[in-house]
Amino acid sequence: MLMLIQNEWMKIFRRPGTLVMVGLLLLMVMITGSVIKYQQNQTTVQKQINWKADLQQQVDQSKQQLEKVSKVRVPSIKRSIALNQYQIKHNLNPNQKYSMWDFVSDGSGLIQLAGLFTIIIAAGIVAQEFNWGTIKLLLIRPISRGRLLLSKYITTILFALTMLVILFIFSLITGYLLFGTPETVVPYLKYVNGKVAEQSMISHLVVFYGMRSVTMLMLSTMAFMISAVFRNSSLAIGISIFLMFTGSELTMLLASKFHWAKYILFANTDLSQYFDGVPMVEGMTFHFSLAMLVSYFIMFQVLAFAVFKKRDVAA
Amino acid sequence: MSAVVEIQNVTKKIKGKTIIDSLNFNVKKGEVFGFLGPNGAGKTTTIRMMVGLISITSGDIKISGYSIKKDFEKAISQVGGIVENPEMYKFLTGYQNLLHYARMSKGIKQTQIQEAVRLVGLSERIHDKVKTYSLGMRQRLGLAQALLHDPKVLILDEPTNGLDPAGIREMRDHLRMLAKERDMAVIVSSHLLSEMEMMCDRIGIIQRGKLIDVQLVNDFVNGPEKFIEIKVSPREAAIKLLKHHFPEIKVQVREKGIIIPLSKEQVPLLVREMVIANIDIFNVREQSRTLEDRFLEVTEKKGEALYAYADTK
């Protein structure tokens, strides 16, 4: 199995396209960093002395709002009240200088880019073999089709991880060079079930990355499945990327009208909604989403393996 | 000699249509077996079933006694193959391509890769990218890939497709050498008859999914009886003489002579009689027929029979 993964790895990284992807990812981190740095130079952060009073004012405003706004917005307002009150109580000034941690957090938007590249790889890893005609030579080896496909899937996941690690580490380095470490160690405040808790920044970011990568994992798996079933990489890339950009918005739209929207994959991919916000559809729980994700995952895999194993490779 | 490849009653149906109809034949060690048939006869389908690319509807194919259906991994590890054009990863070097395939079989050492490279004569260019290779070189790399794990059976679908004459000759020499020196069973498919004639020991002819004949190349080309072409003058006298000796004989008349089916032993007798009868003989020769003539003859005849059969149904 290790040999097979080694083979797939070689086929991915010996292509110039892959190196361009890594290069683009690094470039985007640098550009993001530069833009933020540039904006900072124009606006200076004021360290307000009476920040507590300001926060208290915000809390009061929010409380007044609570009575007027629609039901949907209530939880998010409650959250901000709770966070503000916690900051006042524990003497945590929210107006900190922009640090490397903030940058890593802001830069996590680039996970979408890493996801995009992973989708491209996942979409091609089976379909390309058919396009190139190399599938014929691949399947006449003493290796079962199931193992071959599994090695390809594992390679895809390894590729995704590699992209994430590259992104994370490079963001840290860029953030450190441009913005430096924070002056005081500030914990991250999380809001779960109406309570506020402290968490160290690095562990928060790792979890944050993990959460944001769920969409990427599911979409890559879907692209992989389409690739194995239809042998068409453009189709796989097209559908996956379309859903990547529109999936959550569409689901959000549906969720406001229909209850069954909670069964849609994209209602469940954002797990951070259970830690840092409010569920998309009322009544959804973390375990429900987890179960949905696992079911979708199994469905994709079963489809991919069943079709790939039975396929007649003709012409 | 024992059979390494056994095709047992193999049938393939796709959407209710019978593509391959109960095929039966064996291929022995050390022989080059040609699989001949017009386009669309089912050559490629059969070959793909042999290497497990296409599933078998009923019947079985055994390689060294292992069923390709039930014991795929054991059966296929005895087989090296090129299915149609040898498509390689163009962005990798020749060596990386071979390394890639070597990793997929158990226990192939680096020396074995180098040996395969040497055998097909690619040592100088093996570390260049495949996209810079000519078609002939790609074909040779394809052969090296098939030989990596020292298989007992070599299966090649249209191995000379698109090669220039020198390339064809080279491929032919390689295959003959592998069959003779390494005692491999080599199966090639082609619709190029002249090619098969020079390359193969035995030929199986397939048409419309049915195997219609399996014969040694020599027997096949010559058929049961030989044709003798005689240039004579005067022609009419000769024909008269012939009819006298062989009343049943069919004589084909040519501009300067005649063509008659005759066994070798009868030739001297006929010549003697002609000389006595004062007929001038300019030339007597055995008409050698090419595989092509025979092939068309066989497929047409059997084809007609098949049509007739279908009509009565």
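Since this is a predicted model, take the numbers as computed values, not measurements. Letters A, B, ... are given to chains in the order of the sequence lines, protein chains preceding strands, and every chain is numbered from 1.
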Step by step, would you call A/Glu129 with A/Thr134 a side chain to side chain donor-acceptor pair (under 3.5 Å)? CA-CA 5 Å; A/Glu129 301 276 1; A/Thr134 42; 2.7 Å; yes
Comparing A/Arg15, A/Arg14, A/Lys11 against chain B, the one with the most heavy-atom pairs below 4.5 Å turns out to be A/Lys11
Measure the acute angle between the ring planes of B/Phe35 and B/Phe25, then classify it against the limits of 30° and 60° as parallel, tilted or perpendicular. tilted
Relative to chain A, which segment of B/Gln145 carries a heavy atom at a distance below 4.5 Å: side chain, backbone, both, or neither? both
Check whether A/Gln128 gets within reach of chain B through its side chain, its backbone, both or neither, counting any heavy atom under 4.5 Å. neither
Taking side chain as everything from C-beta outward and backbone as N, CA, C, O, which of these in A/Leu138 sits under 4.5 Å from a heavy atom of chain B? Side chain, backbone, both or neither. both
Which heavy-atom pair separates B/Tyr133 from B/Leu141 by the least distance, and what is that distance? CE2-CD2, 4.0 Å
Report which part of B/Lys129 has an atom under 4.5 Å of a heavy atom belonging to chain A: side chain, backbone, both, or neither. neither
Contacting region of A/Arg145 [heavy-atom separation from chain B under 4.5 Å]: side chain
For B/Met88, which atoms come within 4.5 Å of any heavy atom of chain A: side chain, backbone, both, or neither? both
Which class fits the ring pair B/His127 and B/Tyr95: parallel under 30°, tilted 30 to 60°, perpendicular over 60°? tilted
At a 4.5 Å cut-off on heavy atoms, which part of B/Phe72 comes close to chain A: side chain, backbone, both, or neither? side chain
Do B/Arg118 and B/Glu115 sit within salt-bridge range, that is, some charged N less than 4.0 Å from a carboxylate O? no
Ion pair check, A/Asp312 and B/Arg48, cut-off under 4.0 Å: no
Taking the six-membered ring for Trp and the single ring otherwise, decide whether the centroids of A/Phe224 and A/Phe300 are under 6.0 Å apart. no
Let me know if A/Leu4 has heavy atoms under 4.5 Å from chain B in its side chain, its backbone, both or neither. side chain
A/Lys310, part contacting chain B, at a heavy-atom distance under 4.5 Å: neither
